[in-house]
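Below you'll find the structure, written out as structure tokens, and then a few comments.
Residues: numbered from 1 along the sequence shown.
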Amino acid sequence: MQFKLLIVTIVLHYTSAEYFKTKPSFVKTCLKSDPEFDECSRTAVQQLFDALGPGLPEIGLAPLDPLKIPKIRILQGDGPVNVNAALDDVTVTGFGQTEVLMSQVDGKTYDFFTKLRLPKIRIEGTYDLKAKILLIPLVGRGICWFEPTNMTIDIVSDVKLYDKDEFVFFNVTAAHVKYTIGGLKLRMNNLFDGIDSLEESTNAYLNENWRPVSESLRPILSKTIEDILLGFMQQLFHNLPGNFMIGDVKNNTPSKKTDKKVF
């Protein structure tokens with residue numbers, strides 16, 4: 001059976017601010033001409049994630065850990081997974097423990113290729129759900145949490161360059177995510193209007209069968225991660241000149257194909 005992902009929307013709020021005109025202390029400059037660029041870039045991106053944990057108020061960037069998301073809307077149908085859901089007052093913790101395993105930059109297009117590892121992410125919020133997962137009808141409204149563990153994320157970020165004042169900036173136009181996880185725990189309270197026996201047995205079943213549950217939710221989780229990372233990258237790199245990251249960056253990129261594929 002085929003599924004069709006109709007829409008996943010995450011609402012994030014950022015404030016506008018002046019961009020960095022001098023290089024911040026948390027930014028490491030690498031040279032694309034350096035044979036050791038990939039390792040330098042990995043270290044530089046790790047420093048960025050470490051700085052993003054508590055946020056950067058000087059450019060209006062909210063903390064990455066914990067990350068507050070006012071609202072997530074999910075609608076997916078036509079297949080084994082059928083979801084009509086809303087998550088409100090969402091808190092995501094764990095991005096502050098991000099380990100950067102790899103960071104590469106295409107020498108012509110400046111697209112980013114990044115591999116991350118996160119020991120554990122916890123997503124908590126208030127849910128309103130009508131769904132079918134693993135042929136199980138799920139209906140409920142209440143508090144929920146999800147904990148993916150040992151997650152590895154591959155990210156391809158589409159980048160276009162633009163000039164502003166005397167600087168070159170990265171415009172991240174899209175993020176494409178592929179991930180693996182080593183485990184998944186979850187809990188949804190007040191399923192089936194709080195019928196305890198159904199709520200407990202359903203939560204137990206979903207946790208015991210976390211692998212097929214995870215696969216069923218993969219399109220939703222992938223798009224959610226993409227939207228979170230894209231929002232942060234856009235806010236960051238519109239305020240952080242690319243020259244500070246790559247000292248010999250040049251805005252002479254050719255036109256690119258749009259059929260991006262993750263590793």
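Using a 30° and 60° split on the angle between ring planes, Phe244 and Phe167 fall in the perpendicular class, above 60°.
Judged by distance alone, with hydrogens and angles left aside, the side-chain atoms of Ser41 form no donor-acceptor pair with the main-chain N or O of Phe37 at under 3.5 Å. Judged purely by atom type and a 3.5 angstrom limit, Lys32 uses its side chain to pair as donor or acceptor with the backbone of Val105. Checking side-chain atoms of Thr98 against main-chain N and O of Phe95 turns up a donor-acceptor pair under 3.5 Å. A donor-acceptor contact shorter than 3.5 Å is absent between the side chain of Asp38 and the backbone of Gln104. Formation of a donor-acceptor pair under 3.5 Å by the Asp34 side chain with backbone atoms of Cys30 is not found in this model. Put simply, the side chain of Asp65 gets close to the backbone of Gly94: a donor and an acceptor are under 3.5 Å apart. Listed for the Ser201 side chain is a donor-acceptor partner under 3.5 Å among the backbone atoms of Leu198. Side-chain atoms of Glu200 never come within 3.5 Å of backbone atoms of Ile195 as a donor-acceptor pair (strictly under, hydrogens ignored). Although no hydrogens or angles enter the test, the distance criterion places no donor-acceptor pair under 3.5 Å between the side chain of Ser214 and the main chain of Trp210.
For the residue pair Lys68/Thr91, the side-chain donor-acceptor check at 3.5 Å is satisfied. The closest side-chain donor-acceptor pair between Gln46 and Asp50 falls under 3.5 angstrom. Neither side chain, Arg211 nor Asn209, offers a donor N or O lying under 3.5 Å from an acceptor on the other. Asn150 and Arg117 are linked by a side-chain donor-acceptor pair at a separation below 3.5 angstrom, with hydrogens and angles left out of the test. Between the side chains of Tyr19 and Asp165, at least one donor-acceptor pair of N or O atoms lies under 3.5 Å. Side-chain atoms of His176 and Asp158 include a donor-acceptor pair closer than 3.5 Å.
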Side chain to side chain contact (heavy atoms under 4.5 Å, CB included) assessment of Asn203 paired with Leu191:
CA-CA 9 Å; Asn203 275 291; Leu191 278 173; 3.8 Å; yes
For the pair Phe49 and Phe232, evaluate ring pair (Phe, Tyr, Trp, His ring centres under 6.0 Å) and give the outcome as yes or no after the intermediate values.
CA-CA 11 Å; Phe49 268 99; Phe232 267 88; 9.1 Å; no
Working note: Ser33 + Asp248, criterion side-chain hydrogen bond (donor to acceptor under 3.5 Å, both in side chains); need CA distance, chi angles, decisive distance, verdict.
CA-CA 8 Å; Ser33 57; Asp248 50 0; 3.2 Å; yes
Lys115 vs Asp154, test: salt bridge (charged side-chain N to carboxylate O under 4.0 Å, His left out). Steps then yes/no.
CA-CA 5 Å; Lys115 182 185 288 288; Asp154 293 336; 2.6 Å; yes
With side chain to side chain contact (heavy atoms under 4.5 Å, CB included) as the test, would you mind laying out the steps for Thr152 and Tyr179 before giving the verdict?
CA-CA 6 Å; Thr152 300; Tyr179 72 86; over 6 Å; no
Full working for side chain to side chain contact (heavy atoms under 4.5 Å, CB included) between Ile153 and Leu118:
CA-CA 8 Å; Ile153 307 174; Leu118 294 91; 3.6 Å; yes
Between Thr173 and Val159, is a side chain to side chain contact (heavy atoms under 4.5 Å, CB included) present by the stated rule, with each step listed?
CA-CA 6 Å; Thr173 59; Val159 176; over 6 Å; no
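Once rounded to the nearest 0.5 Å, the distance linking NZ of Lys178 with OG of Ser222 reads 10.5 Å. Note: Leu116 CG to Ile225 CD1 = 10.0 Å, rounded to the nearest 0.5 Å. Rounding to the nearest 0.5 Å places CZ of Phe170 at 4.0 Å from CD1 of Ile246. Within the model, atoms CG of Leu31 and OG1 of Thr29 stand 8.0 Å from one another, a figure rounded to the nearest 0.5 Å. Note that the CG atom of Asp111 and the NZ atom of Lys160 stand 10.5 Å from one another [nearest 0.5 Å]. In this structure, Leu240 CG and Phe26 CZ are separated by 6.0 Å, a value rounded to the nearest 0.5 Å.
Heavy atoms from other residues, nucleotides or ligands lying under 6.0 Å from CD of Glu166 number more than 12. Counting heavy atoms of neighbouring residues, nucleotides and ligands inside a 6.0 Å radius, atom NZ of Lys23 exceeds 12 of them. No more than 12 heavy atoms of other residues, nucleotides or ligands shown are found within 6.0 angstrom of NZ on Lys185.
Cation-pi contact between Arg187 and Phe146: absent, since separation from the ring centre below 6.0 Å together with deviation from the ring axis within 45° is not met.
Residues Phe112 and Ile155 form no side-chain contact, since every pair of their non-hydrogen atoms from C-beta on lies 4.5 Å or further apart. For the pair Asn190 and Ile143, the minimum side-chain heavy-atom distance is 4.5 Å or more. In this structure, Leu101 and Glu99 have side chains that are in contact, with non-hydrogen atoms separated by less than 4.5 Å.
In terms of heavy atoms, Thr43 sits closest to Lys28 at CG2-CD, 3.9 Å. Nearest heavy-atom pair, Val172 versus Ser157, reported as atom, atom and distance to 0.1 Å: CG1-CB, 4.1 Å. The two residues Trp145 and Glu124 make their nearest non-hydrogen contact at CB-CG, 3.8 Å. The two atoms that bring Ile72 and Thr224 nearest to each other are CD1-CG2, 4.5 Å, heavy atoms only. Residues Glu199 and Met188 share a closest heavy-atom pair of CG-O, 3.9 Å. When all heavy atoms of Pro66 and Thr93 are compared, the pair lying nearest together is CB-CG2, 3.7 Å.
For Gln97, there are no side-chain hydrogen bond (donor to acceptor under 3.5 Å, both in side chains) partners at least two apart in sequence or on another chain. Residues forming a side-chain contact (heavy atoms from CB on, under 4.5 Å) with Tyr162 (at least two apart in sequence, or on another chain): Lys164, Phe169, Asn171, His238.
Taking the charged nitrogens against the carboxylate oxygens, Lys223 and Glu226 have no contact shorter than 4.0 Å, which rules out a salt bridge.
No option in Asp128, Asp88, Asp227 other than Asp88 meets the salt bridge (Lys or Arg N to Asp or Glu O under 4.0 Å) test with Arg73.
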